[in-house]
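Being a predicted model, the structure only gives us computed values, none of them experimental.
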Amino acid sequence: MLNVLALTFDLVSFIDIKSGGMTMFTRRTVQENLSPYYFVDYRSTVESIASFYVDQEGVISAREQFRLETMLLRLREEPAGYDFVAPYQTDGKVLYKQVSVMWGDRNRKTVCLVRADVTDMLAQERRKKEELEAALALAEEASRAKSHFLSAMSHDIRTPLNAVIGMTELAFAHIGEQERVVDCLQTISLSSRHLLSLINNVLDMAKIERSSLVFSRMKIALPELAEQVSSIIALQAQNSGIRFRTDVNHIRHKAIFGDPLRLNQILLNILGNAVKFTPKGGSVEFLIEEFPACSAPGMARYRFVVQDTGIGMGAEFAEHIFEPFSRGGDFGRAEGSGLGLSITKGLVDLMGGEISVETREHMGSTFRVELEFEPADAGVGPEYGGSPENPGQERALSGRRFLVAEDNAINAEILCELLQMQGALSVVCSDGAQALRAFQDAAMGTYDAILMDIQMPNMNGYEAARAIRSLEREDAGNIPIIAMTANAFAEDVQAALEAGMTAHIAKPIDLGILLFELNRILR
């Protein structure tokens, strides 16, 4: 038992209070069965014992700690014993020793000192404390950043919302003045789109942080995609008095497979910022280059470069430009969620690419995004079509009849009114089960398409679509079923397709996209 105990302590000393003698057992004397050390007068050894210990600021001196009178006084106050820790110098090193002081016998005629090394334990505790302090600092910083973000988002959301509410009041107040009402409605439309963009950014950021974003695989014509992006940015640049130039002549594989919506989002975020933070008279350039792929054979690597002569960024803020909830200086005064570049960085990372920025304050910025894609001639897949920006050029819906499954009365009213404006008729059902019965009871050819909400009582849109597809009638397998839902992520689109639906349109409904999709499907 003594050998086992010897593993836990350096030495044990017993001091006889009456004679003043001290018997000391060290680990070696116990393990090798040697005689203990004996000191005739403990008091005369205190100075020698204390010389090994380093006095600590604010702590009673080692010499005082080891005085027999001090120990007796403390033991009368704390009969169960006490301990203290002090730095101990040996062989040029500083170790930490814990000294436990207790009565050595029931009659309290001896004092027992047990010394153990706690250097490793204290070092571990110190590391844990530092880790906890670092974690606390990070948590507090994250809390401050999110509080700042929520404050900024509250302002940014209320700004377009105030325009919507205010312009609605003005439209009612001037209901007889057509020109004024039209102006109010245009402002409401712009503000609502901006509000939707803010909400989408927040939702995208949440999915990116969870790494749960799903990318689609479609055939993309890069020159056409670049032209679509450039046409949007060119209009913004023109309205801001900024020169804009695009160069996409340095690519060999003009068609690739990828997610066109996410690639659009990356480019529009960077280009939009370039225009936003470039003063009138400045310039923005957009360049696409192709390089040999680095990751795997059969891939193509593209570099998307956006260079502007705008306000630039200081070195300190540039280090944090891609961090979530980070907004600074002139950026904080601009409209937006402050998440655009964070989302862009997240998308680029999830796509296995790289993004970098070179910038100097008042000297402009250059953003570079490098991504690898599979050339389109290496496989087959759905093709990314043209832009639905000019729905007026498509065929009208005159004479068409739609079955609408929508449990929200206001949404149903809006959709039916939009369809009626295009000359179409519609029949509304409030859940998937009703839509299934309405289709079953109708003669073949009654409906040109079914517009299906997803989250509905009794039977949701997925279940209703599967049930319709499984009916034993000729038109059940080919009638277009279009998901119209607020579930707007790529995995939601995939779920709709797997349920047998023909297409997916995200809410809130954009009339241009709605007409484009309907005319495309019903051709």
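- For I410, the CD1 atom sits in a loose shell: 12 or fewer heavy atoms of surrounding residues, nucleotides or ligands are nearer than 6.0 Å.
- Note: L161 CG to L195 CG = 6.0 Å, rounded to the nearest 0.5 Å.
- With hydrogens and angles disregarded, a donor-acceptor distance shorter than 3.5 Å links the side chain of R469 to the backbone of G500.
- To the nearest 0.5 Å, the span separating CD on E125 from CG on L132 amounts to 11.5 Å.
- With hydrogens and angles disregarded, no donor-acceptor distance shorter than 3.5 Å links the side chain of R262 to the backbone of M351.
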Quiz item: Step by step, would you call L471 with F439 a side chain to side chain contact (heavy atoms under 4.5 Å, CB included)?
Solution: CA-CA 10 Å; L471 293 175; F439 181 75; 3.7 Å; yes
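- With a 6.0 Å cutoff to the six-membered ring centre and a 45° limit on the axis angle, R301 does not count as a cation-pi contact of F291.
- Between the side chain of E177 and the backbone N or O of E179, no donor-acceptor pair lies under 3.5 Å.
- Residues E498 and Y462 have side chains not in contact (no heavy-atom distance under 4.5 Å, counting atoms from C-beta outward).
- Rounded to the nearest 0.5 Å, atoms CG (L511) and CG (L419) are 9.0 Å apart.
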Self-check item: Chi angles and distances behind the side chain to side chain contact (heavy atoms under 4.5 Å, CB included) call for F277, D308
Solution: CA-CA 9 Å; F277 297 108; D308 66 66; over 6 Å; no
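- A distance-only check finds no donor-acceptor pair linking the side chain of Q434 to the backbone of C429 [under 3.5 Å].
- In this structure, A464 and M452 approach most closely via the heavy-atom pair CB-CE, 3.7 Å.
- Between T309 and G282, the shortest heavy-atom distance links the atoms OG1-CA, 3.4 Å.
- Heavy atoms of other residues, nucleotides or ligands lying less than 6.0 angstrom from CD of E474 number 12 at most.
- Side chain of E290 to main chain of H253: a donor-acceptor pair is present (N/O by atom type, distance under 3.5 Å, no hydrogens or angles).
- With hydrogens and angles disregarded, a donor-acceptor distance shorter than 3.5 Å links the side chain of T502 to the backbone of I481.
- Side-chain contact between I355 and I266 is absent, with no heavy atoms from C-beta onward closer than 4.5 Å.
- Between E517 and R520 there is a salt bridge, since at least one side-chain N of the basic residue sits less than 4.0 Å from a carboxylate O of the acidic one.
- Rounding to the nearest 0.5 angstrom, the gap separating the NZ atom in K276 from the CD1 atom in I242 is 12.0 Å.
- The environment of CD in Q455 is sparse: at most 12 heavy-atom neighbours from other residues, nucleotides or ligands sit within 6.0 Å.
- In terms of modelled atom types and a separation under 3.5 Å, the side chain of E463 and the main chain of N460 share a donor-acceptor contact.
- Evaluation of the salt bridge (charged side-chain N to carboxylate O under 4.0 Å, His left out) rule for D475 yields R473 as partners, not counting sequence neighbours.
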Practice problem: Could you check L415 against E406 for side chain to side chain contact (heavy atoms under 4.5 Å, CB included), going step by step and ending with a plain yes or no? | Solution: CA-CA 9 Å; L415 179 56; E406 173 60 73; 5.7 Å; no
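- With rounding to the nearest 0.5 Å, the separation of CD in E372 from CD in E354 is 9.0 Å.
- Between A467 and L436 the shortest heavy-atom distance is CB-CD2, 3.8 Å.
- Under the 4.5 Å side-chain criterion, counting only non-hydrogen atoms from C-beta, F286 is not in contact with I233.
- Inter-residue side-chain proximity for R401 and V427 is flagged as met; some heavy-atom pair is nearer than 4.5 Å.
- Residues Q440 and R437 have side chains that never bring a donor and an acceptor to within less than 3.5 angstrom of each other.
- Contact of the L514 side chain with the M484 side chain is registered, since non-hydrogen atoms from C-beta on lie closer than 4.5 Å.
- Taking CG from D492 and CD1 from I454, the interatomic distance works out to 8.5 Å, rounded to the nearest 0.5 Å.
- Residues L222 and K254 form no side-chain contact, since every pair of their non-hydrogen atoms from C-beta on lies 4.5 Å or further apart.
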Exercise. Evaluate the criterion side chain to side chain contact (heavy atoms under 4.5 Å, CB included) for residue pair L518 and F402; output intermediate values, then yes/no.
Key: CA-CA 11 Å; L518 289 177; F402 297 97; 4.0 Å; yes
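- When the salt bridge (charged side-chain N to carboxylate O under 4.0 Å, His left out) test is applied to E289, the partners found at least two apart in sequence or on another chain are R303.
- Between the side chain of T359 and the backbone N or O of M313 there is at least one donor-acceptor pair closer than 3.5 Å.
- A donor-acceptor contact shorter than 3.5 Å is absent between the side chain of S283 and the backbone of R243.
- Side-chain contact between N273 and V306: absent, with no pair of heavy atoms (C-beta onward) separated by less than 4.5 Å.
- Side-chain N or O atoms of T168 include one that pairs as donor or acceptor with a backbone N or O of V164 at under 3.5 Å.
- Counting only heavy atoms from C-beta outward, the side chains of F244 and V275 never approach each other to under 4.5 Å.
- Between S430 and D407, the shortest heavy-atom contact is O-CB, 3.1 Å.
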